[in-house]
A.B. asks: 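Handing you this structure, nothing more for now.
Note that the numbering runs from 1 along the sequence shown for the chain. The model shown is predicted, which means the values in this text are computed figures rather than measured ones.
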Amino acid sequence: MAQRSAAPELVLETETGSTVMTPDHAYHVGRDPLSEIFIDDARVSWHHAVLRPNSDHWTIEDENSTNGTFADGLRVHERDVGAGSVIRFGSLADGPRAVLVDRTPPPAERPSSVSMPAATGTFRQPTTVRPLPARTVRIGRGADSDLVIDDLIVSRRHAELRALPDGTYEIADLGSHNGTYLNGQPVEVARISEGDIVGIGHSAFCLVGDQLQEYVDTGEVSLDVQDLSVAVDKGRKTLLDQVSFPVGEKCLLAVVGPSGAGKSTLLNALTGQRPADRGKVLYDGRDLYRDYAELRQRIGLVPQDDILHAQLTVRRALTYAAELRFPQDTAKAERLARVDEVIGELGLEQRAGQPIHSLSGGQRKRVSVALELLTKPSLLFLDEPTSGLDPGMDRSVMHMLRGLADDGRTVIVVTHSVLSLDVCDRLLVLAPGGRVAYYGPPDETLSFFGYEQWPEAFEAFERDHDRDWAGEYRGSPPHRRYIVNSTAQPRTPQDDAAPESVVRPPKAQSWGAQLGTLVRRYAAALSADRTFLAIMIALPFVMGVMARALAGSSLTRETAMNALLILCVGAVLTGAANAVRELVKERVIYQRERAVGLSRSAYLMSKVVVLGAVTVVQAVVLTQVALLGVDLNAPGGEGVLMPPLVEITLAVALLAFTAMMLGLLVSALVRKEEVTMPLLVLLAIVQVVFCGALLKLDGVPGVEQLSWLVPSRWGLGAMAGTIGLSRIVPGELTGDPLFRHSSGLWLLNMGMLVVLSLVFGYAVARLLRRHEPEVMRK
């Protein structure tokens, strides 16, 4: 960990508020809203001056401003300053004034029921202090807000702090995208008391006396893990066993261990994806599980598999992700600026226009990290980021993570690789059974275990099952030094260690905006997939030509049934083939986006809209090609309700759409993409067998009822009813009641296709829930 400057902590008081200056970084002054000390005065330059900590004092340095910087009555370029110094910007006589004073001690008492951010981590001292207003104060990102928060995850009109007639206050959310939180819980309107914490974006506000104190989460946060335990099979199998360790600010922690040691379980517990059964995770002193709804926006998670659509270019993929994660009122220019910022931060400028699938493994991992950095998370977790990479790429990725930690984030990486552990600050080694075998500096690990090489250590884990790895570590000096003496947060008694119940985050406020973005992104991804496009275009023409060859010039006794059967099979294959891979191949993407607020129904509807439009167009092409110039020989030359060709086209289109919904159901059911093609063949066979063209279904107990669940049964019935199939081809099969030339039966067949589509859609939604983070299922 880098040694910090010993310059004293000071408070810079201006007309608009106070800023606590800690000696871990410099403070820029100017009209740039991104400045730590923002001064909105025409005489102040965009980048006017900077206050820098030195070994034991502070220095004010003018940044070649137009109107100058003045300290203690003199115009200065660079000058030492301290408590009592008076600084003016832009004019010695009446320019904006700032005074440096000694740091004011924090209030001695806090309400015990609330974890005060002022007592922990980055939030030790308020960033700004304002007098409490006697009126309603609008809070948001917009420049017209009374209290402006320069944070892209904050809506322009986010919330209002309202002064009530009895002298108290209430906070009201204004339909924001990411929600307003009171003591970590989402609220719409709630009364607030002294000591309560109002969370908006990366900022927290607290009423203390007659002041409104603001604390900004700058990213330099600590994490304290206390006695995490996870068991499955009704407690018979332990995956994590009392895992405890502290993670300091700007720390890069690697988690290693043999297979089955609980690394993935620990990752899920630390990110809130699957909360632990017992124990606590403290995010800068705040209970992560209790305040998960608010804190989830500050956690980035990069799964082992890529979480972006590989067909899209880097810039386009990040742009769509920004649309989903930022409020709807974020201007396009703001989103693009943030996308360009993370592209530059991760060195992807030369790759921004390339499709993601054309990048190397290390570059793709950088893009996944870039996606998570869009919302400026303070905690970044990565699961096996170097899996499948060569040693050079492995080293490159780990050095990238080192740089991210140095820039002011806490980074935790789960890995099997031991090639680059030397760049980490801390190493956590888990032994089989989910126990801590070691926690401390990486360069002390092997000597602690008594081995010279990592393979020897991992072999010992597998070989010495009875060895008490955790007990040996608990009795060692490293445990005392790196865990007991390094944990700043108070310990929770083991008897009371059951975690707080996790509150489900609020629903996204912009369902329509999410749907629009998802539809555009999905359409772009499909159009960029040349193989899918080729199959999509060719399939209806191939099936249509086959049906046309069988139909001849008119539907006769010899051709009618075969032509309708080919239309039926073509519609089913077209619809199901379009959808059978689409959910399972995006499962990792969906899981991650769902955790940060994606609407399940918006996601499913985007698939239905895009695939449904494609499927219906294919069905129309299939029907027109198959029946071009064919005399349909319908009774009286007319269909049941409309011209025969129109009715058959509608029936084929609705059948194909229903088959598409069935394909989505299969895709939601399976665990691997590889099994979808065999299941597609099975689906086609089932549709042929139970459509009624090959076997007698009417009146056969069990078989008839089973056929009601098969879309082709109703699709073929609608088409057969249109042309009066029993009249053209008399026989036992064609005498099926569903094949009659009747408006009531035709509408029944079509209606049942609609009902099956809705049933399949509902089942898909329930199955999607099964693959979501546990907290999002409530």
Side-chain angles (χ1 to χ4, degrees), residues 252 254 267 299-325 335-377 379-409 411-424 521-522 524-532 585-593 596 673:
L252 174 57
L267 185 69
I299 297 174
L301 172 61
V302 181
Q304 181 174 349
D305 297 322
D306 293 329
I307 51 177
L308 290 162
H309 291 81
Q311 301 87 353
L312 300 177
T313 64
V314 172
R315 188 183 304 279
R316 199 170 188 184
L318 292 177
T319 300
Y320 283 127
E323 286 189 46
L324 289 173
R325 299 198 179 195
R335 291 196 301 267
L336 294 179
R338 181 58 188 155
V339 168
D340 288 339
E341 188 177 345
V342 297
I343 286 176
E345 184 176 359
L346 292 171
L348 293 167
E349 298 96 327
Q350 304 301 318
R351 311 292 182 184
Q354 282 187 232
I356 294 173
H357 66 75
S358 68
L359 302 178
S360 67
Q363 291 166 346
R364 286 199 303 272
K365 192 58 64 178
R366 285 177 180 266
V367 179
S368 293
V369 173
L371 184 150
E372 292 302 312
L373 294 187
L374 287 172
T375 55
K376 299 184 179 180
L379 278 175
L380 183 62
F381 295 88
L382 301 100
D383 187 10
E384 301 287 356
T386 60
S387 177
L389 302 184
D390 61 59
M393 284 293 183
D394 182 302
R395 189 79 176 169
S396 175
V397 170
M398 292 301 292
H399 275 282
M400 172 192 69
L401 300 181
R402 174 72 268 169
L404 292 176
D406 291 339
D407 285 343
R409 302 176 186 87
V411 181
I412 298 176
V413 52
V414 172
T415 179
H416 276 104
S417 174
V418 296
L419 298 177
S420 303
L421 296 180
D422 58 303
V423 305
C424 301
R521 183 181 70 175
Y522 188 41
L526 289 182
S527 62
D529 189 339
R530 295 183 179 179
T531 301
F532 178 84
K585 75 178 184 181
E586 292 185 4
R587 185 157 295 157
V588 176
I589 299 175
Y590 172 72
Q591 288 173 336
R592 180 62 194 134
E593 291 184 339
V596 295
E673 188 177 345

A.B. asks: Can you list the residues that meet the side chain to side chain donor-acceptor pair (under 3.5 Å) rule with Asp422, with sequence neighbours excluded?
C.D. replies: Arg395
A.B. asks: Suppose we screen for side chain to side chain contact (heavy atoms under 4.5 Å, CB included). Which residues come up paired with Ala317, at least two apart in sequence or across chains?
C.D. replies: Leu308, Leu312, Ile356
A.B. asks: Taking side chain as C-beta onward, heavy atoms only, is Leu404 less than 4.5 Å from Leu373?
C.D. replies: yes
A.B. asks: Hey, what do you get for CD (Gln591) to CG (Leu301), rounding to the nearest 0.5 Å?
C.D. replies: 10.0 Å
A.B. asks: Distance from His399 atom NE2 to Leu252 atom CG, nearest 0.5 Å?
C.D. replies: 10.5 Å
A.B. asks: List the atom of Thr386, the atom of Ser417, and the distance in Å for their closest heavy-atom pair.
C.D. replies: OG1-CB, 3.7 Å
A.B. asks: Quick one: are Arg366 and Leu359 in side-chain contact, heavy atoms under 4.5 Å?
C.D. replies: no
A.B. asks: Listed by chain and number, what are the side chain to side chain donor-acceptor pair (under 3.5 Å) partners of Glu586, not counting sequence neighbours?
C.D. replies: His309, Tyr603, Lys607
A.B. asks: With sequence neighbours excluded, tell me which residues meet side chain to side chain contact (heavy atoms under 4.5 Å, CB included) with Asp406.
C.D. replies: Arg402
A.B. asks: Listed by chain and number, what are the salt bridge (Lys or Arg N to Asp or Glu O under 4.0 Å) partners of Arg364, not counting sequence neighbours?
C.D. replies: Asp306
A.B. asks: Would you indicate whether the side-chain heavy atoms of Ile299 and Pro377 approach each other to under 4.5 Å?
C.D. replies: no
A.B. asks: Going from CG on Leu336 to CD1 on Ile343, what distance comes out if it is rounded to the nearest 0.5 angstrom?
C.D. replies: 9.5 Å
A.B. asks: Once salt bridge (Lys or Arg N to Asp or Glu O under 4.0 Å) is applied, do any residues pair with Glu341, and if so which ones, sequence neighbours excluded?
C.D. replies: Arg338
A.B. asks: Which heavy atom of Gly362 sits nearest to which heavy atom of Val397, and what is that distance?
C.D. replies: CA-CG2, 4.2 Å
A.B. asks: Look up atom CG in Leu382 and atom CE in Met400, then write down how far apart they are to the nearest 0.5 Å.
C.D. replies: 6.5 Å
A.B. asks: Can you tell if the side chain of Leu371 reaches within under 4.5 Å of the side chain of Val367, non-hydrogen atoms only?
C.D. replies: no
A.B. asks: Can you give me the closest heavy-atom contact between Ala352 and Thr313, atom names plus distance?
C.D. replies: O-CB, 3.9 Å
A.B. asks: Among all residues two or more places apart in sequence or in another chain, which pass the salt bridge (Lys or Arg N to Asp or Glu O under 4.0 Å) test with Asp407?
C.D. replies: none
A.B. asks: Enumerate the salt bridge (charged side-chain N to carboxylate O under 4.0 Å, His left out) contacts for residues 344-356, please, sequence neighbours excluded, ordered by first and then second residue.
C.D. replies: Glu345-Arg409
A.B. asks: Gln363: which residues meet the side chain to side chain donor-acceptor pair (under 3.5 Å) condition with it, sequence neighbours left out?
C.D. replies: Ser360
A.B. asks: My understanding is that only residues two or more places apart in sequence, or in another chain, count here; which of them pass side chain to side chain contact (heavy atoms under 4.5 Å, CB included) with Ser527?
C.D. replies: none
A.B. asks: Can you find a heavy atom in the side chain of Glu372 that is under 4.5 Å from one in the side chain of Arg325?
C.D. replies: yes
A.B. asks: Can you name the residues that form a salt bridge (Lys or Arg N to Asp or Glu O under 4.0 Å) with Glu323, not counting sequence neighbours?
C.D. replies: Arg520
A.B. asks: Specify the closest pair of heavy atoms between Gln311 and His357, including all atoms of both residues, with the distance to one decimal.
C.D. replies: CA-CD2, 4.1 Å
A.B. asks: Where is the tightest heavy-atom contact between Leu348 and Ala370, given as atom of each residue plus distance?
C.D. replies: CD1-CB, 4.4 Å
A.B. asks: Sequence neighbours excluded, which residues qualify as side chain to side chain donor-acceptor pair (under 3.5 Å) partners of Asp340?
C.D. replies: Arg315
A.B. asks: Are any of the side-chain heavy atoms of Leu380 and Val369 separated by less than 4.5 Å?
C.D. replies: yes
A.B. asks: When you measure from the side chain of Gln354 to the backbone N and O of Val314, does any donor-acceptor pair fall under 3.5 Å?
C.D. replies: no
A.B. asks: Is there side-chain contact between Met398 and Leu419, with heavy atoms separated by less than 4.5 Å?
C.D. replies: no
A.B. asks: I need the minimum non-hydrogen distance between Leu374 and Ala321, along with the two atoms involved.
C.D. replies: CD1-CB, 4.0 Å
A.B. asks: If you round to the nearest 0.5 Å, how far is CG of Leu324 from CZ of Arg335?
C.D. replies: 10.0 Å
